[in-house]
Amino acid sequence: MIESKLGRILLEKGLVTEAQLDQGVHLQRTSGRVLGETLVELGYVSHDDIARALAAQLGIPFFELDDDFKLEKEEVKLVPENVARRYCLLPVRKDSAPSMTLVMKDPLDVEAIATVRSLTRLEIHKSVSSEARIRAMIDKFYRVEAHIERDIKDIVDVEAADGIAIAEQQASDSEQLKILANDAPVVKFVNLMLMQAVRDRASDIHFEPGEHVVTVRIRVDGELREVTPPPKALYQAIVTRIKILSNMDITERRLPLDGRFKFKVSDRVIDVRVSSLPEAHGEKLVLRILDRQALLVDMKDVGFDDIMLKQFQRVLQTPNGIILLTGPTGSGKTTTLYGALNYLKNPAWNIQTVEDPIEYLIPGINQMQCKSTIGLDFASALRSILRQDPDIIMIGEIRDFETAQIAMRSALTGHLVLSSLHTNDAPSALWRLRDIGIEPYLIAATIKLVLGQRLVRVICPACKQERKPSEEALQYALSQNPDAASWTYYYGTGCPKCGRTGYRGRSAIFEFLEVNDSIREMVLKESGAVMFRRKAIQNGMEPLALNGLRKVQQGVTTIEEVMSVCAGDEAFLETGA
């Protein structure tokens, strides 16, 4: 009955035709979904059209949630975020009367109204808006950063009222700093920043003191973005608070320090690595956010296509040899290594890692932390590990001749070794090993696979739309692939889910260099890096730029993202042509 009334209203308003309504009713009956959603899916009406028709049907107001709408701090506090999200509603109270307006997706939801009434003890006036608009406003006004912006004002007000601001000359008093570090505004600010970092999927938080102000930036999907900073007067107390959590020496400000701590968010344990660095205007802090749930993903989620994933898994089954991951810092090598270890994990094998630092503890894997301050570096740790009867060894990074030599000899004696190396592309890794002193015959005999890797940002699925690229970007794509003119291109327009950036998440692009006989011959002949790359491309290695453009063709990322991480790669393509 309700849905038939809704259909008649849409018909009377001229929003649908008789034929469209009949089709919607027929599909609704077979699918079991509500009529409004069915008509929206068919493209006959919008979500706002359905919300307005529902308001007219029930005789209650339609609430216009446009860009000028603002939810005040007191209104946000009326209803907790989990309740607002669960029932898809917003509390609005514009006067001091014992009543409030509840903007709802479903004003017939008796449970939602009863829940809000019990929380607020206020009289409820119902209104309607579309689900998409309500959820966008929840994201906008309930997100942690919005709380920080409001609470920073509270912190400043507390300073003025209670006189807790600290001058630079008072900062040397460690006992006073401890007191301030445990003060409610400081604790609240640090907690909110950590919560925001987890919610926004940030990998790092940067606290950077200036002469008069503090800059706070978080790194999301590889890009730094500024967030609301604390007052400079509270900065030293915030630093002290973080140092106390990290078990660092709060009296030492002249030397770089490292520490770590854990905190819990929604039953997820988050590890935080803290690094402090003495700067001109105070200590700079960088907090690395290590989310085990985000890191330990299936290898399919890293960015491998089906063919390359099967090739990688086949090489991982090799009983001995070395598999190297290459790329700059922050290119996702650690994630891929952990994914490989997760794939290899087997009760029949003794898997041992040597890491600096250990990013995450993986059940079923033996992990060892290097401590260079006591002489436990990669090389000495490896020598000890070889006496532990390992089947598979993972070395966090090959940094020097001694570590590389032990890794090579381990591979020759029947072990599978996984490690990383800092080079710009996959073929350069073979040249780099030779450059640090490894004999060509050892390289040729042990290296099975070199996997070059970069990360590109993924187009946000919530605001993804078809759009033509710029002329410069299109010319780049055409220079790499003549068929690029016929592709369909997508971009993110920017929405609350992606922080208005148009991107959400990252995916890896690869150079997959499996070392075959022709490459081994070049290693033994001590050919140069350019020759290595040319031969690798001739043997079928897909360069990073081409692998990235395949993701553009699939609608995963944009040409601009590929250009940003593959600058100069096109020159190598010409060389290898």
Side-chain angles (χ1 to χ4, degrees), residues 144-145 147-149 151-152 154-156 158-159 164-168 170-220 224-265 268-292 294 357-360:
V144 173
E145 186 173 347
H147 286 297
I148 290 177
E149 290 173 357
D151 290 326
I152 287 300
D154 291 346
I155 292 174
V156 177
V158 170
E159 286 185 277
I164 66 167
I166 52 174
E168 290 297 324
Q170 293 174 310
S172 60
D173 188 339
S174 60
E175 291 304 317
Q176 176 69 7
L177 277 177
K178 284 183 181 179
I179 294 171
L180 290 172
N182 290 297
D183 195 78
V186 175
V187 173
K188 190 173 187 179
F189 177 83
V190 173
N191 290 347
L192 286 170
M193 280 305 311
L194 292 170
M195 288 172 62
Q196 181 185 358
V198 173
R199 176 166 300 183
D200 288 353
R201 302 170 295 102
S203 60
D204 303 88
I205 308 173
H206 291 240
F207 293 90
E208 301 165 346
E211 184 176 2
H212 302 294
V213 296
V214 176
T215 301
V216 181
R217 300 187 291 173
I218 61 174
R219 188 179 295 278
V220 181
L224 283 170
R225 61 177 72 160
E226 285 196 30
V227 296
T228 307
K232 179 64 188 291
L234 278 186
Y235 181 64
Q236 191 58 54
I238 290 169
V239 171
T240 304
R241 171 68 182 170
I242 295 171
K243 281 186 167 184
I244 290 172
L245 290 173
S246 310
N247 198 26
M248 296 160 69
D249 185 356
I250 67 171
T251 63
E252 181 56 76
R253 297 178 207 153
R254 301 165 301 169
L255 298 173
L257 297 174
D258 294 298
R260 65 189 306 157
F261 65 92
K262 297 180 181 180
F263 68 99
K264 199 171 184 179
V265 177
R268 289 160 56 193
V269 177
I270 310 296
D271 290 313
V272 182
R273 284 212 321 262
V274 182
S275 172
S276 74
L277 199 66
E279 301 278 356
H281 301 293
E283 291 176 273
K284 177 187 175 183
L285 291 182
V286 175
L287 280 62
R288 171 64 58 90
I289 309 298
L290 302 172
D291 184 353
R292 182 179 302 182
I358 294 174
E359 297 279 353
Y360 291 108

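What you see below is based on every heavy atom in this structure, not just the backbone, and it leaves out hydrogens, waters and symmetry mates. This one's a predicted model, so the numbers in the text were calculated from it and none came from an experiment.
Atoms CZ and CG, on Arg241 and Leu234 in that order, are 13.5 Å from each other to the nearest 0.5 Å. A distance of 11.5 Å separates CZ in Arg260 from CZ in Arg288, rounded to the nearest 0.5 Å. Distance CD/Glu208 to CD/Glu226: 8.0 Å, rounded to 0.5 Å. Of the inter-residue distances, the one linking Leu285 atom CG with Tyr235 atom OH reads 4.5 Å to the nearest 0.5 angstrom. From Leu224, atom CG reaches atom CZ of Arg219 across 4.0 Å, with rounding to the nearest 0.5 Å.
For Val213, there are no side chain to side chain contact (heavy atoms under 4.5 Å, CB included) partners, not counting sequence neighbours.
Judged by distance alone, with hydrogens and angles left aside, the side-chain atoms of Lys232 form a donor-acceptor pair with the main-chain N or O of Glu211 at under 3.5 Å. At least one donor-acceptor pair under 3.5 Å links the side chain of Ser276 to the backbone N or O of Leu257.
Here the closest non-hydrogen pair linking Pro256 and Pro278 is N-CD, 3.8 Å. In plain terms, the two heavy atoms of Ala237 and Val186 that are nearest each other are O-CG1, 3.8 Å.
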Open item on the list: Set out, in order, the CA-CA distance, both residues' side-chain angles and the distance that settles side chain to side chain contact (heavy atoms under 4.5 Å, CB included) for Val198 and Phe263, then state yes or no.
Closed with: CA-CA 11 Å; Val198 173; Phe263 68 99; 3.6 Å; yes
Open item on the list: Quick one, His206 with Lys284, criterion side chain to side chain contact (heavy atoms under 4.5 Å, CB included). Give me CA distance, side-chain angles, the key distance, then yes/no.
Closed with: CA-CA 8 Å; His206 291 240; Lys284 177 187 175 183; 4.1 Å; yes
Task: Test side chain to side chain contact (heavy atoms under 4.5 Å, CB included) applied to Asp258 and Arg273, step by step - done: CA-CA 7 Å; Asp258 294 298; Arg273 284 212 321 262; over 6 Å; no
Open item on the list: Set out, in order, the CA-CA distance, both residues' side-chain angles and the distance that settles side chain to side chain contact (heavy atoms under 4.5 Å, CB included) for Met193 and Ile238, then state yes or no.
Closed with: CA-CA 11 Å; Met193 280 305 311; Ile238 290 169; over 6 Å; no
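Taking the side chain as every heavy atom from C-beta outward, Ile218 and Asp204 never approach each other to under 4.5 Å. Side-chain contact between Val239 and Phe207 is absent, with no heavy atoms from C-beta onward closer than 4.5 Å. The shortest side-chain heavy-atom distance between Asp249 and Lys243 does not fall under the 4.5 Å cut-off. Proximity of Leu194 to Ile205: side-chain heavy atoms (C-beta onward) are separated by under 4.5 Å at one or more points.
Of the candidates Gln236, Arg254, Glu252, Gln236 is the only one forming a side-chain contact (heavy atoms from CB on, under 4.5 Å) with Glu283.
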